[in-house]
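Worksheet: the structure to be examined is printed underneath.
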There are 2 protein chains.
Amino acid sequence: MTTKSSKIRIKDIAEKAGVSIGTVDRVLHNRGDVRSETREKILQIVKEMGYTPNLFAKSLASKKTYRLAVLIPDSNDNPYWKHPKSGIIKAADEIKSFNTSVNIFPFNATDEASFRNCFIQVLRTEPNGIVFNPVFREASFEFIELMEAKNIPFVYIDTFLEKSNCLAYFGQNAKQSGRVAAKILSQILPENGEVLIVKLANRKVISHHLKNREEGFIEFFNEQNKCNCKFTSLIIDLLDSNEPNQSLYTAFKTHPNINGIFVPNSRVFKVANYLKENNKTDILCLGYDLLHENIDFIEENVIDYIIGQRPEDQGYHGVMALFNHIALKKVVNKSNYSPIDIIIKENINYYNY
Amino acid sequence: MTTKSSKIRIKDIAEKAGVSIGTVDRVLHNRGDVRSETREKILQIVKEMGYTPNLFAKSLASKKTYRLAVLIPDSNDNPYWKHPKSGIIKAADEIKSFNTSVNIFPFNATDEASFRNCFIQVLRTEPNGIVFNPVFREASFEFIELMEAKNIPFVYIDTFLEKSNCLAYFGQNAKQSGRVAAKILSQILPENGEVLIVKLANRKVISHHLKNREEGFIEFFNEQNKCNCKFTSLIIDLLDSNEPNQSLYTAFKTHPNINGIFVPNSRVFKVANYLKENNKTDILCLGYDLLHENIDFIEENVIDYIIGQRPEDQGYHGVMALFNHIALKKVVNKSNYSPIDIIIKENINYYNY
DNA sequence: ATTAATTCCGTGTACGTTCACGGTATTTGG
DNA sequence: CCAAATACCGTGAACGTACACGGAATTAAT
């Protein structure tokens, strides 16, 4: 089996058609000024010879430059976003030789005004494409209108917004990941297990992920008729300095038989911290995302399972999808769900973080 | 945060150094014929300005062509190898514009002579680099000697060969993956569990993977003092048409309390087939690799866990490592372990196959 | 001092594109 | 029927790099 480099140049098809390379170039780019017969003939030969342009020569000669903009939460506020960001930077690095620049605009994910400001700023730079995390529904829909008016293609990352015509979406199926979590717990916990669901979040912004993950989690258990586990659900304010300790203390007091904990976001390390300090490490603890903080607790056997979603890949492919669409005119997949990685102490070293 | 395209050209550093681009080119390529002071000065400026060559211009102008060869088992014999192959083809596709061709040479993984023939054929094509799967130890070491004599860099895929100076290795830590399997089973099975280890292989060729995975599996259980599971290990000849049914029948007869099965390779579907036909689907069954055959059984709840290793990535990155080293003169990581993916019915749809 | 050898360096062409510019034919208008 | 407009097409200069060739400056040999 051989895969060899394609050698057919514009010059070759020009010669075969008995025209100049300028003419071929014109039909290849629909620039007009070509007689329709000549045009057809050239297109025919192009197809016959299987011409594929040399992308390097193309980008060398091209005077076009592209600007991409990325709007994501500030990684100083939420360490999770360091990971998508690093993937974005990797993509930026790869495509910068294709006359394409990438600008990252961080916003405060707990402050809608910050998101709005950020977007206005972005639109002022008149980018050719936008990757963004649509945490704020209404604001996002407003900006989608603006982008569509200006014909700027956009890609969602992490969160999906239904009923909108994005170029692509990169993220996890949140609900299904909740089902995965449920399956794991249901298989390990005893018949009469008691599970605590801990939602650590900002009071003002309960993310879709949190909601959907919990939904999938509970849905799965309800479908299993053999398993009659009990649930307790807790919403804890991230900004309260007494938390999550206070709420957890109360929860364990009132539910002393809890043997499983499900934390539907990356803040699981805060719960793990409590478990460790109170010698409750035998409780089966499951959370999300490979933050450094979580990794430490996995290695200490405090957290038992982490569900990962390859945030670097999401960032990387989000940018690349935009680039492929805009610069290379390739078709890109709209729906791109990340794997729901099941990570434990024994395989954590083989996931990059 | 901005990542903009680097704009420093050879011309720029030539002007700053007060020399011509030819001179800069000479020092950049160590072609000599440059006064040492000039050389130093240019190198200094190159570093100062952070010059990075434009790879596209480079590959456009370069008359060099590279030939890479890949030796892997025939995917007609073992369907697993379709997956690395598809990754290899993807890589070949990406680098063909860099004047690099990739040739795939399939051999029969159960026949050492086939491997040897294949290698001789490969060496005759005088490739610039080789990716291969070193299943046959002695034969591989012989060919490594030949490659080293000819200064041909080589990359291992899937299997690792210690004590040899490969450019890179892409594969899974087999032993550790066995430990992952053990952890999962140990967590789910009851205290007094009874596990059957089924090694489906060709009598002549017991792969390292099979051995190492079992080793890690047993090692893990031995380390847990709380778990006193019992084991039975079975070696079954793949080519025998009565198998694995006959051996499994006997095994279940003599060990009626078996509640877990570990199949340390991709042939787990053959065991699953037996389990399904004999209504033993309640047994916890764990195997390797996302073959179509296995996927079907995961969806039917016959196989419970599959350990994946991203074979497409292994193939892709194996070729890319060689390319980066040879064509782009980049440094590549030697040791590249694939993630040990834990796959169940609930997350299987999000792993590409 | 003249020639020859040697060291060092600049020039020019090529790689496959893009794209502006301008040049022939052909057609249109009066 | 001639000028002007139009339709169609070729030419040539870039893009950043590689590399062959040959030229100038320096040194060595006679």
Side-chain angles (χ1 to χ4, degrees), chain A residues 4-43 45-46 49-66 95-100 326-329, chain B residues 4-43 45-46 49-66 95-100 326-329:
Chain A
K4 59 161 168 282
S5 65
S6 61
K7 295 215 140 310
I8 307 106
R9 306 156 298 167
I10 288 188
K11 195 180 173 186
D12 296 320
I13 82 156
E15 277 170 6
K16 188 151 190 179
V19 297
S20 77
I21 58 172
T23 305
V24 177
D25 184 71
R26 266 186 292 269
V27 346
L28 249 26
H29 294 85
N30 289 315
R31 252 196 284 279
D33 284 350
V34 179
R35 194 166 26 144
S36 62
E37 313 163 36
T38 327
R39 190 186 143 78
E40 292 310 317
K41 185 176 178 186
I42 288 175
L43 285 177
I45 294 177
V46 163
M49 304 185 74
Y51 169 77
T52 53
N54 183 321
L55 292 183
F56 307 143
K58 196 165 185 159
S59 91
L60 234 204
S62 177
K63 283 134 181 15
K64 287 201 195 77
T65 63
Y66 300 104
I95 63 180
K96 71 178 177 190
S97 325
F98 282 97
N99 308 320
T100 306
I326 296 173
L328 305 186
K329 317 286 184 209
Chain B
K4 59 161 168 282
S5 65
S6 60
K7 295 218 140 307
I8 307 106
R9 305 156 299 167
I10 287 188
K11 196 180 174 188
D12 297 319
I13 84 156
E15 278 170 6
K16 188 151 190 179
V19 296
S20 77
I21 59 171
T23 306
V24 176
D25 184 71
R26 267 185 292 269
V27 346
L28 249 27
H29 294 84
N30 289 314
R31 252 197 285 279
D33 284 349
V34 179
R35 194 165 28 144
S36 62
E37 312 163 39
T38 325
R39 188 184 146 79
E40 292 308 317
K41 186 177 176 185
I42 289 174
L43 285 176
I45 295 177
V46 163
M49 304 185 73
Y51 168 76
T52 52
N54 182 322
L55 293 182
F56 307 144
K58 200 164 183 160
S59 92
L60 232 206
S62 177
K63 284 134 180 14
K64 287 200 194 81
T65 63
Y66 300 103
I95 63 180
K96 72 178 177 191
S97 325
F98 283 97
N99 308 320
T100 305
I326 294 173
L328 306 185
K329 316 288 183 206

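Chain letters run A, B, ... following the sequence lines, proteins first, then strands; residues in each count from 1. Quick note: numbers below take in every heavy atom, side chains included, and nothing from hydrogens, waters or symmetry partners.
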Strand-adjacent residues in residues 33-43 of chain B, judged by heavy atoms under 4.0 Å from DNA chain C: B:D33, B:V34, B:R35, B:T38
What is the separation between atom [atom1] on [X] and atom [atom2] on [N], rounded to the nearest whole Å?
| X | N | atom1 | atom2 | value |
| --- | --- | --- | --- | --- |
| A:Y66 | C:dT18 | OH | C1' | 12 Å |
| B:K64 | D:dT17 | NZ | P | 15 Å |
| A:R31 | C:dC21 | CZ | P | 13 Å |
| A:I13 | D:dG10 | CD1 | P | 12 Å |
| B:N30 | D:dC19 | CG | P | 13 Å |
| B:D25 | C:dC8 | CG | C1' | 15 Å |
| B:L28 | D:dA18 | CG | C1' | 11 Å |
| A:H29 | C:dA20 | NE2 | C1' | 14 Å |

Starting at [atom1] of [X], measure out to [atom2] of [Y] and round the result to the nearest 0.5 Å.
| X | Y | atom1 | atom2 | value |
| --- | --- | --- | --- | --- |
| B:I45 | B:I8 | CD1 | CD1 | 12.5 Å |
| A:R35 | A:E40 | CZ | CD | 12.5 Å |
| B:L60 | B:L55 | CG | CG | 11.5 Å |
| A:R39 | A:L28 | CZ | CG | 10.0 Å |

Backbone N/O of A:R26 and side chain of A:D33: donor-acceptor pair under 3.5 Å: no
How close do B:K58 and B:P53 get, heavy atom to heavy atom, and via which atoms? NZ-CG, 4.0 Å
Does A:R31 reach the side chain of A:D25, with side-chain heavy atoms less than 4.5 Å apart? yes
Could you tell me if the side chain of B:Y51 sits less than 4.5 Å from the side chain of B:I10, heavy atoms only? yes
Protein-proximity profile, nucleotides 11-16 of chain C, B/S/- by nucleotide at the 4.0 Å heavy-atom cutoff, equals B---BB
Charged N to carboxylate O under 4.0 angstrom, A:K7 versus A:D12? no
